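Have a look at the structure that comes next, please.
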Amino acid sequence: MPLARYKQIVDRLADDIRRGVLAPGTRLPTHRELAADHGIALVTASRVYAELHAMGLVSGETGRGTFVRETTLAPGHGIDQQATASDLLDLNFNYPTLPGQADLLRQALRQLALCGDLDALLRYQPHAGRPHERALLARHLSSQGLPVSARQVLIVSGAQHGLATTVQALLRPGDVVAVDALTYPGFKTAAEARGLELLAIPCSASGPDLEALARLCEKRRVRAIYSMPTLHNPLGWVLDLAQRERLVKIARQHDLLIIEDAAYAFLATSAPPPLAALAPERTVHVSGFSKNMATGLRVGYLSAPEAWVAALERNIRATTWNTPGVMSALVCAWIEDGTLARLESEKRRDAQRRQALARRMLAGLHLVGHEAGYFLWLPLAEDVRADQVVAHLLQARVAVSSAEPFSTSEQVPHALRLALGSLPLEQLQMALGKVRQAIAHFAY
């Protein structure tokens with residue numbers, strides 16, 4: 001049986017895109033023009049473009065048209081980036097380290113080798129962590145403005161595991177979760193694995209549009225909201241107290257579970273209280289020690305209402321059984337002896353230096369970020385396409401992310417997200433110079 005007419009058109013366009021006959025960035029005919037050119041109905045023309053979009057070959061942009069994508073990039077480039085080559089300047093992932101941290105680890109391992117319960121670290125640990133370590137983390141959280149008991153704290157294998165544990169234990173497939181229109185890609189991945197439906201909350205310059213959230217909750221049965229109130233990734237905002245209280249009021253009115261991600265919160269001084277302190281009865285507070293200590297330690301924690309702890313603990317058992325005791329012991333030792341506080345203070349200064357450097361190197365461009373953030377959001381001019389800039393930079397041996405991995409709405413903005421925390425300052429300056437050159441190359 002011959003292919004349906006529209007399938008032949010899809011195949012012809014797809015072949016032209018893959019062979020480069022239609023170059024990345026090419027504006028394709030409007031739906032009406034395509035229909036007229038091929039003698040097909042308008043609805044059929046829309047179906048052609050829908051199939052090409054599903055294949056990752058085109059992107060449709062409201063008010064602008066349909067464009068050929070840069071096909072050398074995976075649609076999710078950013079979170080899907082593979083391990084970087086040694087000559088690649090990585091502005092995609094953040095793994096901030098400071099000079100001397102390897103020596104700190106060496107000393108900590110020596111101290112750990114002398115501890116009295118070393119043999120215990122060779123055995124399975126309690127699923128939620130050893131009681132004395134949970135108590136230590138509870139005291140640490142209380143000192144940070146989040147009063148909790150040891151019974152409310154669970155130790156996990158990094159903040160990403162904490163997010164996955166939360167959605168697996170407390171949400172069901174098909175549940176609706178409200179998220180910022182631009183949000184952390186790792187939560188999107190966890191939500192997809194659980195079969196959740198994400199609804200985008202429009203973003204303003206200072207935070208999510210909370211009135212839009214309220215309207216969303218009136219129209220749909222929203223089960224939860226995922227929020228980064230302190231040092232949002234990727235936009236860098238810190239919600240003020242009034243915004244946090246408004247968010248909590250909406251959550252209580254509509255019985256929402258709040259998932260609070262505080263992975264970068266240590267970088268913002270004098271922030272208002274966490275959402276978990278304002279709404280302790282409905283908030284799971286998630287964070288870890290990857291950014292403020294080291295990404296390789298993979299230790300994180302949850303704090304939650306006691307009624308939810310059993311379900312969360314069961315999911316830890318199902319996924320990792322427990323967080324390795326050697327790792328949690330190292331982290332707790334650094335909390336107790338003040339190493340964590342020193343690292344956080346030094347990393348705040350380091351992030352400020354990097355932000356200042358980025359703003360000098362990219363002066364004149366539209367930049368969005370926090371003065372002490374390890375990342376920067378760079379919206380592009382209307383005539384500059386993010387996928388082309390990202391591909392061009394990869395050829396120049398610089399890795400950056402487009403907006404696509406962060407976007408939860410149908411309309412994906414053309415923007416770059418620059419991670420500033422991984423390269424030595426000299427290499428960071430070189431990479432930022434290449435970013436500026438790439439943007440200028442595509443600006444008409």
Side-chain angles (χ1 to χ4, degrees), residues 95 104-105 108-144 146 148-172 184 186-187 189-191 193-194 257 259-263 266 276 283-337 339-340 343:
Y95 33 95
L104 286 176
L105 178 60
L109 289 171
R110 289 195 187 105
Q111 289 297 116
L112 186 62
L114 298 174
C115 75
D117 67 344
L118 191 61
D119 184 62
L121 301 181
L122 299 175
R123 298 193 292 270
Y124 287 128
Q125 307 299 311
H127 305 305
R130 295 190 291 176
H132 71 280
E133 293 180 341
R134 294 171 70 185
L136 175 65
L137 287 176
R139 292 194 297 273
H140 173 67
L141 286 172
S142 296
S143 72
Q144 304 296 308
L146 179 53
V148 292
S149 70
R151 295 185 302 276
Q152 293 176 259
V153 176
L154 303 94
I155 298 175
V156 291
S157 296
Q160 179 64 36
H161 181 224
L163 292 175
T165 292
T166 301
V167 301
Q168 296 260 1
L170 303 181
L171 298 173
R172 296 180 178 180
Y184 169 53
F187 183 77
T189 301
R194 187 56 172 158
L257 160 66
I259 304 171
E260 179 177 29
D261 186 338
F266 74 97
T283 304
V284 178
H285 183 86
V286 184
S287 192
F289 300 98
S290 290
K291 303 302 185 291
N292 54 1
M293 284 192 183
T295 56
L297 293 180
R298 304 312 303 148
V299 177
Y301 56 85
L302 306 174
S303 71
E306 285 192 46
W308 299 346
V309 167
L312 293 164
E313 189 170 357
R314 281 195 299 274
N315 192 264
I316 295 171
R317 176 179 180 177
T319 53
T320 62
W321 191 270
N322 65 265
T323 299
V326 171
M327 298 293 99
S328 62
L330 282 171
V331 165
C332 288
W334 277 355
I335 295 174
E336 282 191 294
D337 69 10
T339 298
L340 172 62
L343 287 174

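Worth saying up front: this structure is predicted, and the values here are computed from it rather than measured.
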Side chains of S303 and V284 in contact at under 4.5 Å (non-hydrogen atoms): no

query: In terms of the angle between their ring planes, are H285 and Y301 parallel, tilted or perpendicular, with boundaries placed at 30° and 60°?
result: parallel

task: Enter the distance from W334:CH2 to T339:OG1 here, rounded to the nearest 0.5 Å.
output: 7.0 Å

query: Within the distance-only criterion (no hydrogens, no angle test), does the side chain of T323 pair as donor or acceptor with the backbone N or O of S157 below 3.5 angstrom?
result: yes

message: Are the side chains of S287 and E260 in contact, using a 4.5 Å heavy-atom criterion?
response: no

Audit row: L330, L109, side chain to side chain contact (heavy atoms under 4.5 Å, CB included) steps and yes/no: CA-CA 8 Å; L330 282 171; L109 289 171; 4.1 Å; yes

- prompt: Side chain of R134, backbone of R151: donor and acceptor closer than 3.5 Å?
  reply: yes

field: Non-hydrogen atoms of V286 and A159 that approach each other most closely
entry: CG1-O, 3.5 Å

field: Spatial distance of atom CD (Q168) from atom CG (L163) [nearest 0.5 Å]
entry: 11.5 Å

field: Distance-minimising heavy-atom pair for L340 and F289
entry: CD2-CE2, 4.0 Å

- request: Kindly give the heavy-atom pair with the smallest separation between L343 and M293, and that separation in Å.
  value: CD1-CA, 4.2 Å

Euclidean distance, L136 CG relative to L141 CG, rounded to 0.5 Å: 9.5 Å

query: Could you walk me through whether N322 and I316 pass the side chain to side chain contact (heavy atoms under 4.5 Å, CB included) check?
result: CA-CA 7 Å; N322 65 265; I316 295 171; 5.6 Å; no

message: Return the CG to CG distance between D337 and L104, rounded to the nearest 0.5 Å.
response: 8.5 Å

query: Taking all non-hydrogen atoms of both residues, which atom of A113 and which atom of L118 are closest, and how far apart?
result: O-CD2, 3.8 Å

task: Report the distance from atom CZ of R314 to atom OG1 of T319, rounding to the nearest 0.5 Å.
output: 13.0 Å

message: Could you check whether any side-chain heavy atom of L154 comes within less than 4.5 Å of a side-chain heavy atom of E313, counting everything from C-beta outward?
response: yes

query: Do T165 and T320 come within less than 4.5 Å of each other through their side chains, counting heavy atoms only?
result: no

message: As an exercise, state the distance from NE2 of H127 to CG of N315, rounded to the nearest 0.5 Å.
response: 11.5 Å

message: Checking V167 against I259 for the side chain to side chain contact (heavy atoms under 4.5 Å, CB included) test, could you report, in this order, the C-alpha distance in whole Å, the side-chain angles of both residues, the deciding distance, and whether it holds?
response: CA-CA 9 Å; V167 301; I259 304 171; 4.2 Å; yes

message: Could you walk me through whether S290 and Q160 satisfy the side chain to side chain contact (heavy atoms under 4.5 Å, CB included) test, starting with their C-alpha distance in whole Å, then the side-chain angles of each, then the deciding distance to 0.1 Å, before giving a yes or no?
response: CA-CA 10 Å; S290 290; Q160 179 64 36; over 6 Å; no

field: Main-chain N/O of A304 paired to Q152 side chain as donor or acceptor, under 3.5 Å
entry: yes

task: Please check if the side chain of Q125 supplies one atom and the backbone of R123 the other of a donor-acceptor pair under 3.5 Å.
output: yes

message: Is a donor from one side chain sitting under 3.5 angstrom from an acceptor on the other, for E133 and S328?
response: yes

statement: Closest heavy-atom pair, L312 versus L302, reported as atoms and distance to 0.1 Å, is CD2-CD1, 4.0 Å

query: So do the side chains of F187 and D261 get within less than 4.5 Å of each other, counting heavy atoms only?
result: no

message: Within the structure provided, determine whether L257 and T283 are in side-chain contact (heavy-atom separation under 4.5 Å).
response: no

query: What are the two closest non-hydrogen atoms of A138 and A150, and how far apart are they?
result: CB-N, 3.7 Å

